[in-house]
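For reference, the structure is listed below as structure tokens.
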Amino acid sequence: MPAASLSPPSRWPPPPLGLLSLLHLGCLAASVPLRAAEAAGVLRQVVDGAGDGDGGTFFEPFNVTYDHRAVILGGKRRMLVSAGLHYPRATPEMWPSLIAKCKEGGADVIETYIFWNGHEPAKGQYYFEGRFDIVKFAKLVAAEGLFLFLRIGPYACAEWNFGGFPVWLRDIPGIEFRTDNEPYKAEMQTFVTKIVNIMKEEKLYSWQGGPIILQQIENEYGNIQDHYGQAGKRYMLWAAQMALALDTGVPWLDTCNAFYCDGFKPNSYNKPTIWTEDWDGWYADWGEPLPHRPAQDSAFAIARFYQRGGSLQNYYMYFGGTNFERTAGGPRQITSYDYDAPIDEYGILRQPKWGHLKDLHAAIKLCEPALIAVDGSPQYVKLGPMQEAHVYSSGKVHTNGSISENAQICSAFLANIDEHKYVSVWIFGKSYSLPPWSVSILPDCENVAFNTARVGTQTSVFTVESGSPSYSSRHKPRTLGGPYLSSTWWTSKEPIGKWGEDSFAAQGILEHLNVTKDISDYLSYTTSVNISDEDVAYWNSKGVLPSLTIDQIRDVARVFVNGKLAGSKVGHWVSLNQPVQLVQGPNELTLLSEIVGLQNYGAFLEKDGAGFRGQVKLTGLSNGDIDLTNSLWTYQIGLKGEFSRIYSPENQEYAKWSSMQNDDTQTPFTWFKTMFDAPEGNDPVAIGLGSMGKGQAWVNGHLIGRYWSIVAPESGCPSSCNYAGTYGDSKCRSNCGMATQSWYHIPREWLQESGNLLVLFEETGGDPSQISLQVHYTKTICSKISETYYPPLSSWSRAVNGRATRNTVAPELHLQCDEGHVILKITFASYGTPSGDCQNFSVGNCHASTTLDLVTEACVGNNKCSISVTNDVFGDPCRKVVKDLAVEAECSPPSATKEPRDDM
């Protein structure tokens, strides 16, 4: 059976083969002899300038090339692990810790998009400060000794508003995006050149001693190229030539974006196999469950990629972060971009995913000398109907016997593609047991260092879990330590329809984005409708109401009659049919169009638009329908409070605030504010807004994002998730029957010790008294390790010739709390035959009575601890029985809870 036949069948569309332009950096500089360092990703760092992220040269200058096997850094082939981390989805204060956690997890490279609309919000006006300080970010990456993969695009997709395009771009006469269109190409070239020149000026390219080893032009174009025909092909050729002209050199490489890429091969033998987007999770939409991808399946996909010839794999995402402000893409993507990534939205390690993948990276690095030694294909061994081995070695290996006495470099990957059965296979003169849907990695072609299905790292339980309810009709508020918010709230009413001197009247329905230029989510259309007494009598006699109909709306439309909300509709270009209560005489009809993220994916984005399409009618009148489409409409962009910036501490006098009354909670279009003190300590902060409806939230003038307590369907979430079998984003979902997002990230650096201003704009009505504030940290940690588990990866080393060797030591159980926390107490410990899983352990028939005391002594009071899983530590409570060590512990909480404030 050929190796390719064991690639997992895909339930997903064919992998997007993004025709990437990876700017080959360094071909203009002289080659510099370098020696490899043991630290992941480091060639040879220059000490000067590599400390605070603000210095100059970070590496001795080196060239970047490639061959059919790998990317070549400084003349040496490398197997590279890359971590996706988008700089604007975190604050600059978070960047150093996030980058360090990527490195600790085994990454060599940090990957990020460049976000055009963040850097050029208005044509010719550039912004490179705050969360968009890409130069500072790049230097922090270099200071950690990591490389940088810069995806300039400038189309990003990335579930980012408008795919990263600035909205002003669509207003350029005659423009068509991403095709052979002169206005578009001119703007694209200007921006790309701007970014490249900044990188050169800051000496950030590899040949200048900087971290940038790869750049990308365009993104996922193969998915849409057919829509543009020959013009699309000409555009891609132009993009390549434009990139070449930037004096960095451009090899064209086709790469893979998908859940699995082990079956992908580039379109030329002379190119390495690169996985640009390894989807280790998925994004979430408002009103939908939350996707999760098991750590075992992620590890399986990655191991298979390197097993079958892969050379560079990039996690999309390793840290997802937050769509602050109005940066979330569309249609209707949530504020959190957690992505079920190894580092969660708040910057905390998600275990076991982070630790399991860290062990995988360590095992792959042990195999690197063997992986890069093979010029052609590795030795392929068929081990069974759905089992196979790939052997990488510096010489021919006889796989039917032991190679322990052979001094050559040799590493092997043993795969079991069967998603149901454990299988024993015979190779190298030994039997190896392979769990379903797993890969075992043998760095020395003898001993298993890692198996993708056997998790040996801890499980962590956060105080605030993604999707956990803060409030709903079925769940009590989950404060987990008490709210820090004030008990006093103030309100201010937002006017409906026209409120400012900049409103204007026009005949007909204008397209939303053409009017707002995306400076606000909101656009109101107001007209007057005169109703006769005959119409009122007709409706009363029939017992019916007239209806307002719109052919198509996106994303949210609200209908107000005489200042009162009549109803709403949510959807992507769906019809609206809203019964309305009209009175005799003139009636003011206001239609509110709301955007919840501009479309970020697909062809012809410039034509997508927003607002209303087709006819707007009033139906059910005594003499037939009234077509309002071409009526005179008054247009008002945005909200009065929004443009008066009443969310800012210095602008509070621009609103008429009054003490909140009971009926204010159910009044739509209301501003709420309160003051609160920050929780003590340094842990990330989450605010629970599940008691509110839909709107936006600001803290001390910073827009933390949109909030929306729309509930996911009751069905579609399995009670358990089996890691085995091909993954799709609907396979392992949670949060059914609950709000898609209830908790929202408030960065610590946006808070002061006391007197913080929280301002909410609420569209539909909500109860702010139920809002809670919580620190986000790992509260519970637990692990279960067998005495038959593999020795720790730290027991492995590489000889001078690159061959991997292992010391014989016992397996270890590791526990660790977040930085700044210690293990407070051990809530369960048993060495013997404990059963159950994390938070559900129980003692079995075999149990070492000294376990709790020994574990307590080793762990309590420490940030982390490790315990050897062996009879030498605990004694043997039951001979001839395979024993496990199971431990559950609590991490110390932050400082004591404060009492709610009663004053403003």
Any heavy-atom pair between the side chains of Met199 and Ile134 that's under 4.5 Å? yes
Pairwise side-chain contact, Glu594 with Asp555, heavy-atom cut-off 4.5 Å (strictly under) = no
Q) Just by modelled atom types, is the Ile372 backbone N or O under 3.5 Å from a matching donor or acceptor in the Arg77 side chain? A) yes
Margin query: Taking the six-membered ring for Trp, are Phe177 and Phe165 closer than 6.0 Å centroid to centroid?
Written below: yes
- With a 4.0 Å cut-off, would you call Glu202 and Lys139 a salt bridge? yes
**Prompt:** Between Asp297 and Tyr260, is any side-chain donor less than 3.5 angstrom from a side-chain acceptor?
**Reply:** yes
**Asked** Is the closest basic N to carboxylate O distance between Arg89 and Glu159 below 4.0 Å?
**Response** no
Of all heavy-atom pairs linking Leu246 and Lys200, the shortest is O-NZ, 2.7 Å
On a heavy-atom basis, the closest approach of Ala70 and Ser311 is CA-CB, 3.8 Å
If we ignore hydrogens and angles and just use 3.5 Å, is the side chain of Asn181 paired with the main-chain N or O of Glu176 as donor and acceptor?
yes
Exercise for review: Find out whether Ser298 and Leu357 are in side-chain contact, i.e. whether some heavy atom of one side chain is under 4.5 Å from a heavy atom of the other.
Suggested key: yes
Stepwise side-chain contact (heavy atoms from CB on, under 4.5 Å) test for Tyr126 and Phe191: CA-CA 10 Å; Tyr126 296 101; Phe191 180 73; 4.3 Å; yes
| Aromatic contact, His361 with Tyr315 (centres under 6.0 Å) | yes
Item to check | Whether Trp279 side chain and Gly728 backbone form a donor-acceptor pair below 3.5 Å | outcome: no
Between Ser336 and Glu345, the two heavy atoms sitting closest are OG-OE1, 2.8 Å
Could you give me the CA-CA distance, side-chain angles and deciding distance for Val135 and Ile198, then say whether side-chain contact (heavy atoms from CB on, under 4.5 Å) is met? CA-CA 8 Å; Val135 170; Ile198 288 173; 3.6 Å; yes
| query | Would you say the side chains of Glu606 and Tyr184 form a donor-acceptor pair under 3.5 Å? | reply | no
Check: Given Asp518 and Asn117, is the side chain to side chain donor-acceptor pair (under 3.5 Å) satisfied, shown in steps?
Finding: CA-CA 11 Å; Asp518 198 37; Asn117 52 13; over 6 Å; no
ask   = Salt bridge or not for Glu368 and Arg78, using N-O below 4.0 Å?
value = yes
field: NZ (Lys517) with more than 12 external heavy atoms under 6.0 Å
entry: yes
Quick one: does any side-chain atom of Gln307 pair with a main-chain N or O of Gly309 as donor and acceptor, under 3.5 Å?
no
Nearest heavy-atom approach of Asp729 to Tyr727 is CA-OH, 3.8 Å
Would a line drawn from the ring center of Trp160 to the ring center of Tyr337 be shorter than 6.0 Å? no
Are Ile110 and Lys103 close enough, and set up right, to give a side-chain contact (heavy atoms from CB on, under 4.5 Å), and what steps lead you there?
CA-CA 9 Å; Ile110 299 294; Lys103 179 178 180 178; over 6 Å; no
>> Pair Leu148, Leu204 - check side-chain contact (heavy atoms from CB on, under 4.5 Å), show working.
In response: CA-CA 9 Å; Leu148 184 61; Leu204 292 174; over 6 Å; no
Taking every heavy atom of Val81 against every heavy atom of Gly106, the minimum-distance pair comes out as CB-O, 3.9 Å
**Study point:** Heavy-atom side-chain proximity of Met188 to Met242 below 4.5 angstrom
**Key:** yes
Per ring-ring contact (aromatic ring centres under 6.0 Å, His included), Phe147 is matched among Phe62, Tyr205, Phe58 by Phe62
Practice prompt. Output, in order, the C-alpha distance, side-chain angles, deciding distance and verdict of side chain to side chain donor-acceptor pair (under 3.5 Å) for Tyr235 and Glu218.
Written response: CA-CA 10 Å; Tyr235 163 66; Glu218 253 299 335; 2.6 Å; yes
*Donor-acceptor pair, side chain of Arg178 and main chain of Leu605, under 3.5 angstrom*: no
Please check if any side-chain donor atom of Asn257 sits under 3.5 Å from a side-chain acceptor atom of Asn223, or the reverse. no
### Task
Decide yes or no for Arg131 and Pro92: does some side-chain heavy atom of the first lie under 4.5 Å from some side-chain heavy atom of the second?
yes
Taking the six-membered ring of Phe319, is NZ or CZ of Lys101 closer than 6.0 Å to its centre and within 45° of its axis? no
| Got a donor-acceptor contact below 3.5 angstrom from the Thr335 side chain to the Arg706 backbone? | yes
Student check: side-chain heavy atoms of Lys123 and Asp171 closer than 4.5 Å = no
- Flag, side chain of Tyr635 to backbone of Leu510, donor-acceptor distance under 3.5 Å: yes
*Can you find a heavy atom in the side chain of Met79 that is under 4.5 Å from one in the side chain of Asp108?*
no
- Any donor-acceptor pair under 3.5 Å from Asp340 side chain to Arg293 backbone: yes
What orientation do Phe604 and His227 show, parallel under 30°, tilted 30 to 60°, or perpendicular over 60°? perpendicular
Sidechain-backbone polar pair: Thr273 side chain, Lys265 backbone, donor-acceptor under 3.5 Å:
no
Exercise. Give me the ring orientation class for Tyr339 and Tyr316: parallel if the planes are under 30° apart, tilted from 30 to 60°, perpendicular past 60°.
Key: perpendicular
- Message: Between Glu277 and Arg151, does any NZ, NE, NH1 or NH2 come within less than 4.0 Å of an OD or OE carboxylate oxygen?
- Response: yes
Evaluate the side-chain proximity of Arg554 to Asp608: yes if any heavy-atom separation is below 4.5 Å, no if none is. yes
Ring geometry between Phe115 and His86 (parallel below 30°, tilted from 30 to 60°, perpendicular above 60°)
perpendicular
Heavy atoms of Tyr306 and Ile364 approach each other most closely as CD1-CD1, 3.5 Å
Checklist entry - So, the side chain of Tyr155 versus the backbone of Asn600: is there a donor-acceptor pair under 3.5 Å, distance only? => result yes
Worksheet item: According to the interplanar angle, ranging from 0 to 90°, do the rings of Trp95 and Phe137 count as parallel (below 30°), tilted (30 to 60°) or perpendicular (above 60°)?
Response: perpendicular
